[in-house]
2 protein chains.
Amino acid sequence: MPDDSALHTDHVDEVIALLVTTNARMSQHFAARAAEFDLSPAEGKVLLALEPGRSLPMRAIARKLGYDPSNFTGVADKLEDRDLVSRHPDPDDRRVKAIVANEHGLELIEQLSKRLRAGGGPLSSLSHDQLRGLRTLLDQANTGP
Amino acid sequence: MPDDSALHTDHVDEVIALLVTTNARMSQHFAARAAEFDLSPAEGKVLLALEPGRSLPMRAIARKLGYDPSNFTGVADKLEDRDLVSRHPDPDDRRVKAIVANEHGLELIEQLSKRLRAGGGPLSSLSHDQLRGLRTLLDQANTGP
DNA sequence: TATTGTTATACTCTATAACTATA
DNA sequence: TATAGTTATAGAGTATAACAATA
């Protein structure tokens, strides 16, 4: 449980500011790499959320990425029009539709990931161990309440 | 210097995905807290970039936050209309204008920071030491090339 | 009645290009 | 000529509300 010292608040302030600028840099990097594949940032993020084998309900993806379900329909449409993903109605509840990446989609995901890893983003200056540490911290930040 | 092992690429992929979702959560938290003070997310971010005593050229702020200078003018206008900041032309180069927070602005920055710290964001589940570690890592990520 | 996804629409955000004033 | 900031404007992104299908 987080404590409440003056040092603590200093760190929170600083981390919030750093997250804002880190996100600005990552957004630029991400948008440029996605554009290489004629993908909007939103389309790229949705694809990355579809790890191989994973299929998620539309609402779950929208929630995870912070998009409104209404505008998420159009993103799914474009990805489907490009034959990268398809909608699969859930047999148990036919209201919900899962988005699954097909072979073309998975291939493009791999290519996009490779370009994102290639450098130029804010992660370029971190070592293997630092990335491992960052992964652990962000993972805990995301699984919290 | 980052190495190039298979484990390394796994971590990069995972950290990128985590940064995307962390940012989604932080953006929602940030937008909600800023709205409490009738601030747009952009206006809030600009204010947080103006730590006490610090004054930055408009272009430097825009670059840091990833905004285009053209749309940044309007953000500065609104903050100035609300009497939170003012433009100070640089005596050495009268083309550049520094944004400085006045007394009202600094007070609002403190209140906004307090609300952001109050919890509900993705940082709530991290301990003091973890925040310190995250700060170090993000700091290095941002000062890199 | 409540929920998932969809549609239509309005609103906000962001980028492009042309302009000014300084250098 | 080049750069910081501004303006006008078009385009992309986002949210709101009403609707259909399913639960």
Side-chain angles (χ1 to χ4, degrees), chain A residues 20-21 23-32 34-35 37-47 49-50 55-82 85-100, chain B residues 20 23-32 34-35 37-47 49-50 55-81 85-100:
Chain A
V20 168
T21 61
N23 177 62
R25 292 190 60 185
M26 179 57 81
S27 292
Q28 287 182 252
H29 179 58
F30 194 98
F37 302 93
D38 275 306
L39 293 168
S40 72
E43 290 159 11
K45 288 180 195 171
V46 170
L47 284 180
L50 300 173
S55 97
L56 291 172
M58 295 182 65
R59 199 157 280 257
I61 301 176
R63 185 191 175 106
K64 183 175 181 176
L65 300 179
Y67 297 139
D68 196 276
S70 64
N71 90 61
F72 185 67
T73 294
V75 178
D77 284 346
K78 285 199 177 172
L79 293 176
E80 209 171 19
D81 289 348
R82 281 182 63 174
V85 306
S86 51
R87 289 168 160 90
H88 287 249
D90 184 331
D92 292 347
D93 183 344
R94 301 230 307 284
R95 289 174 305 181
V96 337
K97 302 174 186 174
I99 303 288
V100 295
Chain B
V20 169
N23 177 62
R25 292 190 59 185
M26 179 57 80
S27 292
Q28 287 182 253
H29 179 59
F30 194 98
F37 302 94
D38 276 306
L39 293 169
S40 73
E43 290 158 14
K45 288 179 194 171
V46 170
L47 284 180
L50 300 173
S55 96
L56 291 171
M58 295 183 67
R59 199 157 280 254
I61 301 176
R63 185 191 176 105
K64 182 175 181 175
L65 299 180
Y67 298 139
D68 195 276
S70 63
N71 90 59
F72 185 68
T73 294
V75 177
D77 284 346
K78 285 201 178 172
L79 293 175
E80 207 170 21
D81 289 348
V85 307
S86 51
R87 289 167 160 91
H88 286 251
D90 185 329
D92 293 348
D93 184 344
R94 300 231 307 284
R95 291 174 304 180
V96 338
K97 302 174 186 174
I99 304 288
V100 295

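Every chain is numbered from 1 and lettered A, B, ... according to where its sequence line falls, protein lines coming before strand lines. The figures that follow rest on heavy atoms only: side chains count, while hydrogens, waters and symmetry mates do not.
C:dG5 atom C1' lies 16 Å from atom CG of A:Leu56, rounded to whole Å. The distance between atom CZ of B:Arg63 and atom C1' of C:dA15, rounded to the nearest whole Å, is 17 Å. Put simply, CG on A:Asp68 is 17 Å from P on C:dA10, counting in whole angstrom units. When the P atom of C:dT6 is taken as reference, atom OH of A:Tyr67 falls 17 Å away, rounded to whole Å. As rounded to whole Å, 12 Å separates atom C1' of C:dC13 from atom CD of B:Glu43.
Salt bridge B:Asp68/B:Arg59: absent, no basic N to carboxylate O contact under 4.0 Å.
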Check: Do B:His88 and B:Ser55 pass the side chain to side chain contact (heavy atoms under 4.5 Å, CB included) test, and can you show the C-alpha distance, the side-chain angles, and the key distance before you say yes or no?
Finding: CA-CA 9 Å; B:His88 286 251; B:Ser55 96; over 6 Å; no
Next item on the list: I would like to know whether B:Ile99 and B:Leu56 meet side chain to side chain contact (heavy atoms under 4.5 Å, CB included); could you show each step before the answer?
Entry: CA-CA 6 Å; B:Ile99 304 288; B:Leu56 291 171; over 6 Å; no
Note to self: For A:Asp77 and A:Arg87: C-alpha separation, side-chain torsions, deciding distance, then whether salt bridge (Lys or Arg N to Asp or Glu O under 4.0 Å) applies.
What the structure shows: CA-CA 9 Å; A:Asp77 284 346; A:Arg87 289 168 160 90; 2.9 Å; yes
Next item on the list: Verify side chain to side chain contact (heavy atoms under 4.5 Å, CB included) between B:Val46 and B:Lys78, making sure each step is shown before the conclusion.
Entry: CA-CA 11 Å; B:Val46 170; B:Lys78 285 201 178 172; over 6 Å; no
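Here the shortest heavy-atom pairing between A:Ala42 and A:Tyr67 reads CA-OH, 3.4 Å. Taking all atoms of both residues into account, the shortest heavy-atom contact from A:Ala24 to B:Gly66 is CB-N, 4.1 Å.
Position along DNA chain D of the nearest nucleotide to A:Ser40 versus B:Met58 favours B:Met58 as the more 5'-ward residue.
Within residues 69-78 of chain B, the residues having any heavy atom closer than 4.0 Å to DNA chain C are, in order of number, B:Ser70, B:Asn71. Proximity of residues 90-98 of chain A to DNA chain C (heavy atom under 4.0 angstrom from any strand atom) is restricted to A:Arg95, A:Val96, A:Lys97.
Rounded to the nearest 0.5 angstrom, A:Lys97 NZ and A:Asp90 CG are separated by 12.0 Å.
Counting only distance, with no hydrogens or angles, the side chain of A:Glu43 and the backbone of A:Ser40 share a donor-acceptor pair below 3.5 Å.
In the set C:dG5, D:dA15, C:dT6, C:dG5 carries the atom at the smallest distance from any side-chain atom of A:Arg59.
Residue B:Arg87 is classed as a sugar-phosphate contact, given heavy-atom separations below 4.0 Å to backbone atoms only.
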